[in-house]
Amino acid sequence: MKRNLITALALTLGLTVSGAAGLGRLQAQTVNADYEDGGLYIRLKDEAAFAVKSGENRLLDAGRFNFLRAEAKTFGVRRHVESLAFADNPVLSRTIAVTIDSIRDIDAFIERLRQYPEVELVEKRPIYYICGETAQAEPAQGDPVYTGNYKWHLDLINADSAWKLATGKPHIKVAVIDNAVWDGHEDLDIAPENLYNVHTGETGQAAPPADVDQEKACANSRKDCPAYEWSHGTHCAGNVGAVRHNGKGIAAIGSGVTVMGVRCATNAVPGAVSNGFGGVRWAAEHGADVISMSWGSNSQPSETEQELLKSCYENGIILVAAAGNSLSSAWFYPAASPYVISVGSVNSDKKFSKEFSNFGKWVDILAPGGFFYRGGSKSFYSILSTTFCTNQEYRLNGDKTLEGMYYDGMFGTSMATPVAASLVGLLLSVDSTLNTHQMRELLASTAQVVAENASYVRDGSGVIDAFAAVKTLLADRRPSPTGFQYTIVPPKGMEMTWEAPKTAEGGPQVAYYRVYRNGTQIKDRLTETSFSDNDLRENNYTYSVEAVYDDNSVSLRDGIDFYLPVYRHIDATVAPDTTWGLVEGTGFYADGDTVELKATPATGYSFLRWNDGSDIVSREATYRFAARYDLTLTATFRKGVANERTHTATPLTVYPNPTDDLLYIEHLPDGLHDGGVFDLQGRLLIPLHLQGGTTLNVPVARLTKGAYIVKLTAADGAVRMAKFQKL
């Protein structure tokens with residue numbers, strides 16, 4: 001995927017935002033601030049996969065992998081690697097996390113690994129930064145303190161009205177993956193089995209380091225208050241599940257749900273989330289229904305981590321993530337993943353938080369994460385929640401009411417995210433069958449729309465409204481379409497299908513469907529259960545369908561979410577004559593994907609080289625490269641002895657030749673043969689999986705008139721080819 005990269009300093013979206021403290025965050029990693037020192041994901045090819053089931057012990061001896069054993073001394077490969085197996089995902093089941101001690105040689109290590117035939121993908125492990133900010137200390141305003149200032153974010157989303165209809169239920173688990181979560185807070189009720197530290201592998205605690213002074217009264221929370229910085233995850237946890245009606249502190253919109261807390265920061269760097277996706281996986285495997293991620297980066301997203309998010313999405317786990325705090329429209333990951341609900345921030349006036357929040361049509365919803373405004377002016381009151389430290393910001397701004405108590409204010413999309421995740425938990429308490437797509441559409445379609453926010457969030461969306469969402473969910477709803485399937489049609493198209501809702505005989509029936517793309521209606525009165533769209537560009541896409549019944553009632557929307565990449569067209573020609581050989585592997589590839597072109601000479605010929613115009617790009621018959629632009633290469637063959645690096649094809653007996661209907665194959669040896677019918681440009685038209693030993697027939701009637709090649713490969717690698725004419 002393409003991402004707009006910003007400066008390394010702007011990526012440092014932790015609790016400090018500028019000056020020396022901001023630069024200090026860049027020192028979180030020695031080599032590169034965007035990636036974990038010495039950390040890699042390595043994906044193996046199918047034939048090299050290893051069996052580790054989800055939930056089993058994932059620590060494996062590095063020595064079991066030949067390519068790691070060979071490079072262990074040179075690069076300091078650590079003894080154990082970790083399997084990333086999760087939810088039966090076939091990609092993650094053959095992916096491992098590896099760490100080396102020679103951190104400055106990591107690029108050389110990557111290049112070395114890419115030479116091993118069993119290695120499919122190598123990528124660095126990203127590191128992410130939390131998206132909370134601290135308020136600038138301002139002079140006390142002299143206004144009296146009143147309760148409404150502390151709960152403005154709940155008033156904004158109509159929490160009191162929502163609670164009259166529904167409350168959070170303990171069977172719904174909402175996980176906070178963050179720097180740390182202090183379970184000792186009086187207003188948090190987190191059981192030990194719901195706490196985890198990804199760096200120690202310890203279940204039962206996720207708190208900040210024991211040597212951090214919680215009660216220090218800081219003169220400036222931005223410079224000398226590590227306990228305040230360590231409070232980020234605890235603050236998020238309070239926004240998710242602070243207990244109502246316990247006579248203590250605050251409340252959360254989803255109060256009553258079960259909170260899970262996962263620590264992902266090392267002792268040295270509280271603002272950096274390291275191995276956050278390890279925390280996501282742990283929470284998912286331990287029953288999380290919702291996962292809140294108040295961190296991210298503008299860096300190129302990891303393919304491995306995308307697979308994990310996709311698996312969570314496909315297994316009904318709802319992911320919610322912060323849009324980021326760099327006041328930018330650049331995609332921020334993981335929020336910008338199509339499998340995640342992305343959250344931007346607003347102030348108490350329901351207007352977009354122009355002080356910090358990222359924005360754009362990729363942002364799904366807005367939630368309170370900024371400041372309380374009074375008389376048109378911004379106050380210092382941000383989002384009040386639970387903390388690991390005693391009160392700092394409000395005290396420094398002149399509010400002494402909470403002095404000595406473990407509550408304080410923070411602002412940022414970090415705060416907006418758990419507020420939204422808490423509402424998701426409340427809604428799942430009403431209907432636990434909702435999936436990510438349905439939840440996204442419910443939040444967006446019931447949101448409070450503010451005209452001036454239109455350019456900051458997806459079309460038709462706005463500020464979350466807990467009361468409206470719960471009311472809609474509790475209403476007598478018609479069944480929604482189900483069974484959505486989709487196919488991307490490169491380079492710019494998509495097709496999707498769905499199943500009609502099951503309706504009672506004699507009751508209202510579906511009259512037609514409406515189709516929405518990214519919140520905008522694009523098709524009305526559709527009577528088929530399929531839809532296709534063309535001329536799309538690179539983007540995240542949300543396609544939703546609602547059923548309109550013959551009594552004019554309307555179902556909730558359901559549908560699909562996916563990312564459409566840029567596709568590159570890779571083509572190849574054969575020179576000097578198309579009968580001298582065959583080329584395979586041409587077609588459309590997503591930008592950056594690995595292309596593997598293979599040239600196979602006919603009997604009596606040999607492969608010579610690959611050319612890009614007049615430039616020779618390879619002399620290997622199998623040429624691998626990354627698809628970065630449209631490309632047409634030429635495979636040049638020659639008469640004579642075969643190049644020793646290629647496998648010469650032997651003749652294949654086919655008849656009749658020419659043919660207009662069936663093509664018969666004779667004298668094919670016993671055993672399984674894989675291959676197909678190709679055109680002269682090497683495009684596979686009819687896949688074949690044939691068992692030899694008898695006369696076989698291949699239906700070719702659907703082919704257009706012209707010349708084609710049959711190519712079959714036996715289990716021992718022997719290649720057989722024949723050219724035929726279709727009448």
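None of these values were measured; they are calculated from a predicted model. Atoms considered below: every heavy atom in the structure, side chains included; atoms not considered: hydrogens, waters and symmetry mates. Residue numbers start at 1 and run along the sequence shown.
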Supply the atom-to-atom distance [X] [atom1] to [Y] [atom2], rounded to the nearest 0.5 angstrom.
| X | Y | atom1 | atom2 | result |
| --- | --- | --- | --- | --- |
| F588 | R568 | CZ | CZ | 11.5 Å |
| L597 | T586 | CG | OG1 | 7.5 Å |
| L536 | R517 | CG | CZ | 6.0 Å |
| D178 | S292 | CG | OG | 7.5 Å |

Pairing residues for D551 by the side chain to side chain donor-acceptor pair (under 3.5 Å) criterion, not counting sequence neighbours:
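Partners of D551 under the side chain to side chain donor-acceptor pair (under 3.5 Å) test: R478, S553.
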Suppose we screen for side chain to side chain donor-acceptor pair (under 3.5 Å). Which residues come up paired with S429, at least two apart in sequence or across chains?
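With neighbours one apart ignored, the set is empty.
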Using the test side-chain contact (heavy atoms from CB on, under 4.5 Å), find all partners of [X] that sit at least two apart in sequence or belong to another chain.
| X | result |
| --- | --- |
| V343 | V320, I365, A367, A416, T417, A420 |
| V700 | T659, L663, I686, V698, L703, F724, K726 |
| E123 | Y41, L121, S302, E303, T304 |

Can you name the nearest heavy-atom pair linking [X] to [Y], along with the distance?
| X | Y | result |
| --- | --- | --- |
| N325 | G412 | ND2-CA, 3.9 Å |
| A284 | I317 | CB-CD1, 3.5 Å |
| A335 | S342 | O-CB, 3.3 Å |
| Q438 | R557 | CG-O, 3.7 Å |

Between R458 and E441, does the salt bridge (charged side-chain N to carboxylate O under 4.0 Å, His left out) criterion hold? Intermediate values first, please.
CA-CA 11 Å; R458 61 166 268 189; E441 294 305 294; 2.8 Å; yes
Between K173 and D289, does at least one N-O distance fall below 4.0 Å, as a salt bridge requires?
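D289 and K173: not salt-bridged.
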Run the side chain to side chain contact (heavy atoms under 4.5 Å, CB included) check on I464 and T446 step by step: do they pass?
CA-CA 7 Å; I464 57 172; T446 59; over 6 Å; no
Can you sort out the partners of [X] under ring pair (Phe, Tyr, Trp, His ring centres under 6.0 Å), two or more places apart, ordered by chain and number?
| X | answer |
| --- | --- |
| H171 | none |
| Y373 | none |
| Y486 | F562 |

Given N239, V174, V176, the one that forms side-chain contact (heavy atoms from CB on, under 4.5 Å) with P418
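Checked N239, V174, V176 against P418; only one passes side-chain contact (heavy atoms from CB on, under 4.5 Å): N239.
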So do [Y] and [X] actually touch side chain to side chain, heavy atoms under 4.5 Å?
| X | Y | result |
| --- | --- | --- |
| N539 | N518 | yes |
| R281 | L92 | no |
| L473 | L434 | yes |
| L428 | I318 | yes |
| T482 | D558 | no |

Tell me, which pairs form a ring pair (Phe, Tyr, Trp, His ring centres under 6.0 Å) where one or both residues lie in [range], sequence neighbours left out?
| range | value |
| --- | --- |
| residues 281-328 | Y128-W295, Y196-W282, F277-W295, W282-H286, Y313-Y339 |
| residues 442-479 | F352-Y456, F359-Y456 |
| residues 509-533 | W498-Y513 |

Expected output: side-chain [X] to main-chain [Y] donor-acceptor under 3.5 Å:
| X | Y | value |
| --- | --- | --- |
| T529 | T497 | no |
| S422 | A252 | no |
| N435 | H437 | yes |

When you look at E495 and S530, which way does the side-chain hydrogen bond (donor to acceptor under 3.5 Å, both in side chains) test go after all the steps?
CA-CA 8 Å; E495 298 173 349; S530 62; over 6 Å; no
Please say whether more than 12 non-hydrogen atoms of neighbouring residues, nucleotides or ligands are located less than 6.0 Å from [atom1] in [X].
| X | atom1 | value |
| --- | --- | --- |
| K361 | NZ | yes |
| K169 | NZ | yes |
| Q521 | CD | yes |

Polar side chain donor-acceptor pair, D533 to Y543, under 3.5 angstrom:
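Yes, because at least one side-chain N or O of D533 sits under 3.5 Å from a partner of the opposite role on Y543.
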May I have all residue pairs that pass side chain to side chain donor-acceptor pair (under 3.5 Å) and include part of residues 460-476, sequence neighbours excluded?
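Pairs touching residues 460-476 that pass the test: N158-D465.
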S328 vs N358, test: side-chain hydrogen bond (donor to acceptor under 3.5 Å, both in side chains). Steps then yes/no.
CA-CA 5 Å; S328 167; N358 285 352; 4.9 Å; no
